[in-house]
Amino acid sequence: MIIVVKYFASISDAVGKTSEQIVLQHEMTVGEVWSDVSKNIKYTGKVMTAVNHEYVDDKHLLKNEDEVAFFPPVTGG
Amino acid sequence: MIIVVKYFASISDAVGKTSEQIVLQHEMTVGEVWSDVSKNIKYTGKVMTAVNHEYVDDKHLLKNEDEVAFFPPVTGG
Amino acid sequence: MYIEIINEEFDPWQKLVDYKKSQLKDRKNIGACSVFLGTMRDINSGEEIKSMELQHYPEMTESYLEKIADNATKKYKIIDTIILHRVGLVSPSDPIVLVATWSEHREDAFEATREIMEALKSEAPFWKKESTDKGFRWVEPQTETSEDINEA
Amino acid sequence: MYIEIINEEFDPWQKLVDYKKSQLKDRKNIGACSVFLGTMRDINSGEEIKSMELQHYPEMTESYLEKIADNATKKYKIIDTIILHRVGLVSPSDPIVLVATWSEHREDAFEATREIMEALKSEAPFWKKESTDKGFRWVEPQTETSEDINEA
């Protein structure tokens, strides 16, 4: 199972990239993916998560080819 | 004591004039003036009253050369 | 602050842009602008309106609108405000009233524009006389809710 | 409904007037238009901002703004709505966001514009990176109240 992960704003700065492909060896929730990808970074703020451009919570279960996005609270307008 | 009385909109239609000068023989409230001027007219709606362009209530006592206005509820905007 | 009673058709957006350019060009602390434009509808209380005469109390109107704008400026953190109001013979789709407020934060502009409009509707000395196929009629003040009920 | 993400400086009033003329010319039932314009301030949290970069999530932004506009249209009696939002490098006084709604009665337009702005502020995927004398910083989301406290 393969997913695309996108990072934005200060989270992108902390992770050091804007996107990557990740191969999942087994079914995972977005919360588990965030734990993995954020293991060695310094970001401590809130995280918002979208899957295929819809907001989801930590327990959302990922499917093959999902696009997952992690970003800090939004500041538009 | 002389006052100017102005009428607007449906009240002006009912009174049949837009303004008149009235000589008061003694001190009067705007409520008393309205009772006098509306004696023979068919207007039964609410009346708003302003003296010298400020809203007042029925008990407001008139002074010489006051400008009194009687008009129906406003409908601007 | 700018108040104007206008006796002919006007372009509310042009007026707004001109005012902003001439009076607020250098106000770089402006973060929010809330605008309300009221236009004439062609239907009221289920009847087609051909035109409308907007009367007012000339000696009172402008000073009363100033008072309404003053009250909003005191209550909220407002940088500037304008109120434009049409009088005279108005046709469907014509602009009737434009209220605009500028502030640093959106909350103040939103609240001030809303309060100015509510005060204008219930207190400013304007009256509407509609022309329909059946003749003329004075518009009765109605709350938004009762208008909705009438139309249902 | 019209949503646009704009990558360069734009004239929000001209866009509004053009949309009204081309799409809403014959809607004579319009009685109210409520507009909010957000512009960039030159000071934030007490520091002078020289410029700002507005990033977004291109694949999500437009559809999310559509969803916000849809929600408002379902909740209120709205005739039409537009949302324009700037991205890219922004300078003080530049327009950032314009929201406009048209309705028969003012209540619906006021409420819808307000709700669209609140939803946009808390949910639409935009981020601001400010440039000050001390370097760059990501803007933290703040309620209007906490912003006021910061500035006091």
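Protein chains get the first letters and strands the later ones, always in sequence-line order, with residue 1 at the start of each.
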Taking [atom1] in [X] as the centre, count heavy atoms belonging to other residues, nucleotides or ligands within less than 6.0 Å. Is the count above 12?
{"X": "D/K50", "atom1": "NZ", "result": "yes"}
{"X": "D/F136", "atom1": "CZ", "result": "no"}
{"X": "A/E20", "atom1": "CD", "result": "yes"}

Check your understanding: Any donor and acceptor pair, going by atom type alone, linking the side chain of D/K128 with main-chain N or O of A/G77 inside 3.5 Å?
Key -> yes
Review point. Would a distance-only check, ignoring hydrogens and angles, find a side-chain to backbone donor-acceptor pair under 3.5 Å from D/W127 to A/P72?
Key: yes
Check your understanding: With a 4.5 Å limit on heavy-atom distance, are the side chains of D/W138 and A/D13 in contact?
Key -> yes
Point to revise | A/H53 ring center within less than 6.0 Å of D/Y57 ring center | key: yes
**Study point:** Side chain, backbone, both or neither of D/E140 within contact of chain A (heavy atoms, under 4.5 Å)
**Key:** backbone
Study note, to complete from the structure: When the 4.5 angstrom heavy-atom criterion is applied to D/S122 and chain A, the contacting part is backbone
Review point. Which region of A/N52, side chain (C-beta onward) or backbone (N, CA, C, O), has a non-hydrogen atom less than 4.5 Å from a non-hydrogen atom of chain D, or is it both or neither?
Key: neither
Revision key, fill the gap. When the 4.5 angstrom heavy-atom criterion is applied to A/K6 and chain D, the contacting part is side chain
Quick one: [atom1] on [X] to [atom2] on [Y], what's the gap to the nearest 0.5 Å?
{"X": "A/T75", "Y": "D/K129", "atom1": "OG1", "atom2": "NZ", "result": "12.0 Å"}
{"X": "D/R137", "Y": "A/S10", "atom1": "CZ", "atom2": "OG", "result": "14.0 Å"}
{"X": "D/E59", "Y": "A/E67", "atom1": "CD", "atom2": "CD", "result": "5.5 Å"}

Review point. Does the side-chain contact (heavy atoms from CB on, under 4.5 Å) test come out yes or no for A/F8 and D/M60, once each step is laid out?
Key: CA-CA 12 Å; A/F8 292 94; D/M60 177 173 175; over 6 Å; no
